[in-house]
Asks: 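Mind having a look at this structure? Questions to follow.
Letters go in sequence order (proteins before strands), and every chain restarts at 1.
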Protein chains: 2
Amino acid sequence: MAYFNGPIQVLIEQLSQLPGIGAKSAQRLAFYIIAQPEEKATRLAESILSARQNVRYCTECCTLTDGDMCPVCADQKRDHGTIMVVETPRDLAAYEKTGKYKGVYHVLHGAISPMLGVGPNDIRLKELMKRLASEEIREVIVATNSSLEGETTAMYISKLIKPSGIRTTRIASGVPVGGDLENIDEVTLLRALDGRTVL
Amino acid sequence: MAYFNGPIQVLIEQLSQLPGIGAKSAQRLAFYIIAQPEEKATRLAESILSARQNVRYCTECCTLTDGDMCPVCADQKRDHGTIMVVETPRDLAAYEKTGKYKGVYHVLHGAISPMLGVGPNDIRLKELMKRLASEEIREVIVATNSSLEGETTAMYISKLIKPSGIRTTRIASGVPVGGDLENIDEVTLLRALDGRTVL
């Protein structure tokens with residue numbers, strides 16, 4: 001892939017370091033960028049710099065934001081007594097898109113994974129416990145992924161919170177709405193069965 | 001998807017304008033970039049600017065390069081009497097990777113497509129004809145894709161060149177019909193080159 005030289009090759013290399021972008025995609029993206037009007041390429045480059053330089057962690061919930069506080073935490077109409085714990089800002093965005101959740105969030109930036117060497121101190125758990133101690137929290141909803149790491153993290157959090165007596169819940173796992181039963185893995189099917197509710 | 005605001009949202013929007021990058025991928029890429037050390041994000045942004053600003057069309061073959069002339073055209077050891085006509089710089093790169101082709105190239109930057117409203121004047125055909133008139137060319141190898149557009153372009157070129165008496169060949173259809181040149185393995189590319197026939 002070493003035919004291209006100078007700035008083209010540098011750009012291809014930089015792009016191929018992004019997650020999910022292979023050598024072929026990086027090449028396609030590079031040529032697309034080069035073929036754009038100069039102001040479009042400049043806007044892309046500047047948006048990268050601006051985002052990297054201006055984005056910080058929310059002082060409350062640790063999500064990424066460009067102010068001191070994210071729009072959710074700054075919103076006084078939200079229920080600040082209910083905290084949903086998620087792994088990433090993207091998970092937060094997914095629940096915000098529903099428009100129905102009225103509480104606030106806490107973003108862990110990861111999940112406990114002994115396999116990957118990620119321990120409780122490597123994610124934003126201390127910040128969560130600090131919030132629980134100083135704020136008046138009625139409920140903590142643990143919405144980590146239903147992967148091995150997510151479940152481990154959920155268990156860990158529930159044990160951590162138990163002594164404080166704060167109600168701790170876990171989002172239901174089961175068959176996704178609109179999903180065909182035949183395409184769903186057995187673990188999910190069994191969990192959906194375990195979690196069945198009276199109609 | 002409008003939860004994120006300010007610089008994050010701007011970056012996500014910019015990234016999602018790239019080809020093959022949907023809203024989800026753009027979000028993932030944006031958060032990856034933000035989580036990088038600042039100098040890494042800066043390097044990415046600068047590589048975009050540098051590529052866009054410094055890359056020009058080769059004065060000979062019209063491929064993209066950072067000098068006046070691309071490495072192939074500048075190389076006196078290449079056979080400048082044989083021109084391979086390709087659609088994109090990526091196709092040129094694909095043949096260069098084989099390391100076996102000793103001639104030079106001409107990059108059309110597209111193919112004739114009545115459907116998409118791309119006519120002969122929208123690709124670098126005039127530049128090719130100028131080269132044929134002024135240089136001593138023994139053979140033109142038409143290596144446009146074996147898609148409808150590529151074949152149309154090949155036919156058009158062969159008719160255009162015929163009066164000059166220059167030998168015009170087409171790479172063999174060892175290349176699977178409907179395939180993009182850049183995705184094809186080197187052996188197939190070479191076999192297609194060996195099996196070229198007079199148009």
Asks: To the nearest 0.5 Å, what is the distance between CZ (B:R52) and OG1 (A:T42)?
Replies: 8.0 Å
Asks: Between OG1 of A:T63 and CD1 of B:I8, what distance do you get to the nearest 0.5 Å?
Replies: 7.0 Å
Asks: What parts of residues 141-153 of chain A touch chain B if we use heavy atoms and a cut-off under 4.5 Å?
Replies: none
Asks: Around atom CZ of A:R167, are there more than 12 heavy atoms of other residues, nucleotides or ligands at under 6.0 Å?
Replies: no
Asks: Between B:P7 and A:S50, what is the shortest heavy-atom contact and its length?
Replies: CB-OG, 3.7 Å
Asks: Using every non-hydrogen atom in the two residues, find where B:G6 and A:D66 come nearest and quote the distance to one decimal.
Replies: CA-OD2, 3.7 Å
Asks: Does a sphere of radius 6.0 Å around CE in A:M155 hold more than 12 heavy atoms from other residues, nucleotides or ligands, not counting ones at 6.0 Å or beyond?
Replies: no
Asks: What's the spacing between A:L49 CG and B:I48 CD1 if we round to 0.5 Å?
Replies: 9.0 Å
Asks: At a heavy-atom distance under 4.5 Å, which candidate from A:T88, A:I33, A:L44 has the highest pair count against chain B?
Replies: A:L44
Asks: Side chains of A:L64 and B:F31: does their closest heavy-atom pair fall under 4.5 Å?
Replies: yes
Asks: How long is the gap from CG on A:L15 to OG on B:S47, to the nearest 0.5 Å?
Replies: 6.0 Å
Asks: Test of understanding: clusters of I, L, V, M, F, W, Y form through side-chain heavy atoms closer than 4.5 Å, transitively. Do B:M69 and B:V85 belong to the same one?
Replies: no
Asks: Please name all residues satisfying ring pair (Phe, Tyr, Trp, His ring centres under 6.0 Å) with A:Y101, sequence neighbours left out, ordered by chain then number.
Replies: A:Y105
Asks: Out of A:K40, A:Q14, A:E13, return the one with the most heavy atom pairs under 4.5 angstrom to chain B.
Replies: A:Q14
Asks: Counting heavy-atom pairs under 4.5 Å with chain A, which one of B:T65, B:V10, B:N54, B:V55 comes out on top?
Replies: B:V55
Asks: Let me confirm one number: the CD1-CZ distance from B:I21 to A:R28, rounded to the nearest 0.5 Å.
Replies: 7.5 Å
Asks: Between B:Q36, B:Q17, B:E38, which shows the greatest number of heavy-atom pairs under 4.5 Å with chain A?
Replies: B:E38
Asks: How long is the span from the CG atom in A:L18 to the CG atom in B:L29, to the nearest 0.5 Å?
Replies: 5.5 Å
Asks: Under the ring-ring contact (aromatic ring centres under 6.0 Å, His included) rule, what pairs show up with a residue in residues 50-82 of chain B, not counting sequence neighbours?
Replies: B:Y57-B:H109
Asks: Quick one: salt bridge (Lys or Arg N to Asp or Glu O under 4.0 Å) partners of A:R138, sequence neighbours excluded?
Replies: A:D79
